[in-house]
Amino acid sequence: MILDKAGELIADAMTANRSLSSIPSASAILDTSNYTFHAISYGKDADGFKYHAHQLLSPSSDGIIKVVSMEGAYVSSYHSSAAGYYMQDTLGYKQKPWTILPMDTRLEPKSTLPNYSVGVSDIGHCINSIIVPSLYNKSNVIGCFPAASGTKYWIASSTVDTVSSVIVSGELRSGYNELNLIDSLGFLKFAEVPASGHLSLWETSSFASGVIRAPAESFPREVNLGWYLPSGDAGALLLYGGIYHIGLWALDLKEMLKQGYYPPYSFNTLNNVRKYRLFAKLTFNKDLLYLSDVGTTCSFKSLFESGTGWSGSTPAVIYYWKLKFI
Amino acid sequence: MTEVYRVNLDFTWDLGQLPPIVAVMHNIKEQTKVLEASAYYSKNLSYFVKNSVWKDVLQSHANSSTEFSGNFPNSFNDYTDFKFGREFHKLYQDYTHNFNRHRAIPITTLLDGPTIFGHTFGSVIRNSTFKESGPFSVSHPEVITSSFDDVVELYNAGPLFHASGTPSGVYVASSIQDSYIDRYELRNSGILNHIELCQTSATSKKNSFTIFRLNKSGKNVNKINMFLHDNTIIRQEHTDGLGRLIFDISKYLNTSAESYDVSNNFLTPEHNFNLSLKTLISDFPGEKFGGGSIGVWIHTKPELGKVWTYLPRGEWVQHSVTPSDISTNQLINDYAHIFRFPQIDRPFNDPNKFKCLNIKTKHDVLKNLGEEDFFDIGIDFNTKNKPILVPDSYFKSIAHQVHRLNQQYVIEIFPLVYNSDRCVFYHKLNLIDKTLNTWSKPLVYRESTAPISCAEDCNDLRVKLTRNQVLTILNYFNELAGANQSRFGYGSRQHSYTSGVYETSGGSRINYVLSPDWINNTKGSSNLIDLITFQN
């Protein structure tokens, strides 16, 4: 759904003061790249930030992403919905993503602070805490992405004795972090190439530079977006509760100018000055990362762990989003 | 094109006109602030009285509420979260369903009859100002009096009120369906559009109608009487019988060429209405006003030989209109609303009451009249079905309710003046749907003591909108619904219509949460969706 903030962006673009073009230090404000899409983010239900791998399972400072499958020892993969279902009875957890509304300005309006919240930003969606030095030690309970070099994980069958009830364990590597595509607040950047470059990337399905935007058949009435979710990042997002929201973000130029930031706004994963506003969002009633084991094979392990020949640009999932404007 | 445009040196550009809907929203909110101030000061009268001598207290309060209290306009959200109110949406629903969402163009705002504007602002009845000539007078304009030098009196039993005068639009009311009173009647519908001038047969030939529509072309501008030259005045002279003006609301069709999209007029069920009439009873010199009565009969057309009449005591009752069951006296005593006008003397020597012009003929009386000389009579009535228990036979043969969109209503107006030196003038008639009128005005403030069932006349504070403002809102809603010609209605909730934009189920969903399984996707062996294409 295209949101109200999209209208604001268009109004801002149409009312940008043309006279700025004669001021060298400010003329970049008129650059059309400031008024297009700049990020994608992933989200889930607000309460989910307190459960799944966000639960404080002792010991919590070992850096391991831990979940309890709630489905017994015979199911080796993790299902966010199954965990949510069982925790509804035992812990009162209601896995209910925010119902999408045109006036939404973030993916979840309620607080998305995890149990461990010191120094964590409440931004409404999944953040990438592992690249923040001050959060690194607790990033396994903050989430929601693994380290580029790999982060260990456990899927256990019991909350009582997590260590001895581990069904599956291994390591997830983040393709997004390896390629510096996602900032600490969970904003996945768009490929920083000219429009023609986006078209080339689209035609070759090359997602390693970030999200691609390309003209659709009836451009400008339709625009295609395409991006990938690397296997390790998909696995981590699943362990932290899955994907129930996807947000499309444009720059909030006015907010950045108000804070004294002038274009061009370069993307920086750790200290990103970019302020975003939510242009459109998708909300799902089923985890986009739902999977099932195949026979005795743990699908989670086979799909999301980095095996031979793994690279950060290898997609586990490819997402396309066609935006229709008229 | 090789034309070279001049370089824009001042670095300005036209960002377009303000969308009319934004202007309407702004106006509503600005008026709202003043009305809120009015509600506040109605409970703080001493301050208001003390300070109103040197400032506009209400506007000042409204302005300060913006400056200091965050009142409108405070943010863009004031416009994006704007609410016209539930009642305006009910008006739009009536516009959509009862008025066939007729063309929403400026000319329709000025039309009487079956338009949302006619019903909301007046008049429900076509030709309420009598300015539209009927089919006969269009081809024979001489039957309309355009000059005091040549007054055309249309006498009973004359060519226009004679059984042989069919080409003039006259017909003989002789069936029960015509609900004639006492004797057959001659009704002429060709002189004034949508209005029947009625005379009882075999009554005095002095009974007459005269239609004054004075022609001001070529007249000395200093001698133009704005009242007389801008209006059509009907004069009725009456000595016996029951001559009447008959407004048969749904009888005459309204055509597309006249800019109507609803051919048969109607009264909306379950609504309240107000009928008003400007009229004057006068003697011929113009020395005496009043001395007679005006009757108004509001009824439906006969169904199974009976009509439903709205009584002065505020009830709809069913009664027979077969000739043996109804007489003039019964009509006057039992069914009609009677407005009595005691005699008022206007001596020639009182310059405040009489504009002393040279009265030579009875027609000259009119020269002495102005709008202020006319009396207003008004009747509130309703089309509420709830209090009415329809008889079994009616339920089985006609309908389960009296008031429905296809019910046919008639309003008849007649003088009760039996003095040969008196005549009656009719200046204009207005019938408004008070319910629609109320709905057109966004509610700002209602007393906490107001009854829950309060609909109209509740001393509510409401923002009065103009016809053009209502038109703007209707057009905006039409735009959302895709009712404006080829424009797509993004606000439409018809799933078949919007599914191309909002995917399966279109815009009719209660929410826009998706299931990945509804969306085009491919899954791997573990059922993980590894490729999916979203839309919007």
Side-chain angles (χ1 to χ4, degrees), chain A residues 1-2 4 7-8 11 14-15 17-22 77 97-103 222 224-226 228-229 234 238 243-246 248 280-295 297-300 302-304 315-326, chain B residues 7-19 21-22 75-83 479-480 482 486-491 498-503 505-507 509-536:
Chain A
M1 175 186 278
I2 294 175
D4 229 54
E8 281 187 28
M14 293 184 70
T15 55
N17 194 334
R18 188 185 165 197
S19 60
L20 294 174
S21 64
S22 60
S77 292
W98 172 255
T99 302
I100 192 167
L101 290 176
M103 300 299 291
E222 293 180 3
N224 283 324
L225 307 179
Y228 81 121
L229 181 58
L238 176 53
I243 299 175
Y244 287 87
H245 297 298
I246 293 178
L248 173 62
K281 70 188 267 194
L282 299 164
T283 298
F284 307 96
N285 58 13
K286 182 181 174 185
D287 188 357
L288 276 180
L289 296 173
Y290 177 86
L291 51 76
S292 52
D293 289 338
V294 182
T297 305
C298 173
S299 295
F300 185 91
S302 60
L303 282 169
F304 300 140
V317 185
I318 294 174
Y319 294 119
Y320 291 115
W321 190 348
K322 178 174 281 187
L323 284 158
K324 293 182 175 181
F325 294 105
I326 297 174
Chain B
V7 175
N8 185 348
L9 297 175
D10 58 3
F11 293 106
T12 59
W13 58 24
D14 182 8
L15 295 173
Q17 298 292 313
L18 180 71
I21 189 66
V22 175
S75 83
F76 189 65
N77 287 348
D78 287 331
Y79 296 98
T80 55
D81 292 345
F82 194 90
K83 295 177 181 66
E479 191 90 15
L480 292 178
S486 60
R487 312 280 279 277
F488 189 85
Y490 290 94
T498 50
S499 58
V501 173
Y502 301 122
E503 299 179 341
S505 300
R509 280 174 280 172
I510 200 162
N511 65 51
Y512 288 84
V513 176
L514 303 165
S515 168
D517 295 327
W518 300 342
I519 303 166
N520 181 29
N521 69 66
T522 61
K523 292 175 180 164
S525 58
S526 60
N527 281 327
L528 175 71
I529 293 173
D530 51 24
L531 184 69
I532 187 166
T533 304
F534 313 115
Q535 284 191 9
N536 273 25

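Lettering follows sequence order; numbering is per chain, from 1.
- With sequence neighbours left out, A:Leu101 forms a side-chain contact (heavy atoms from CB on, under 4.5 Å) with A:Trp98, A:Asp104.
- Both the backbone and the side chain of A:Leu289 come within less than 4.5 Å of a heavy atom of chain B.
- With hydrogens and angles ignored, the 3.5 Å screen pairs a side-chain donor or acceptor of A:Ser292 with a backbone N or O of B:Ser526.
- Rounded to the nearest 0.5 Å, atoms CG (B:Leu514) and CD1 (A:Ile100) are 7.5 Å apart.
- In this structure, B:Pro516 and A:Asn285 approach most closely via the heavy-atom pair CD-OD1, 4.2 Å.
- Here the side chains of B:Leu528 and A:Phe304 are in contact, with some heavy-atom distance below 4.5 Å.
- A:Glu8 contributes atom CD, which lies 7.0 Å from atom CG of B:Asn77 (distance to the nearest 0.5 angstrom).
- Using a 4.5 Å cut-off between heavy atoms, A:Leu303 contacts chain B through its side chain alone, with no backbone atom that close.
- To the nearest 0.5 Å, atom CE of residue A:Met103 and atom OG1 of residue B:Thr80 are 4.0 Å apart.
- Going from atom CZ of B:Phe534 over to atom CG of A:Leu288 covers 5.0 Å, rounded to the nearest 0.5 Å.
- Once rounded to the nearest 0.5 Å, the distance linking CD1 of B:Ile529 with OH of A:Tyr319 reads 7.5 Å.
- Once rounded to the nearest 0.5 Å, the distance linking OG of A:Ser77 with CG of B:Asn527 reads 11.0 Å.
- Every pair tested for salt bridge (charged side-chain N to carboxylate O under 4.0 Å, His left out) that includes a residue from residues 525-536 of chain B fails, sequence neighbours excluded, so the list is empty.
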>> Please evaluate residues B:Leu531 and A:Tyr320 with respect to the criterion side chain to side chain contact (heavy atoms under 4.5 Å, CB included), reporting the C-alpha separation (whole Å), side-chain torsions for both, the decisive distance (0.1 Å), and the verdict.
In response: CA-CA 8 Å; B:Leu531 184 69; A:Tyr320 291 115; 3.2 Å; yes
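- Contacts of B:Asp517 with chain A are made by side-chain atoms alone, with heavy-atom separations under 4.5 Å and no backbone atom involved.
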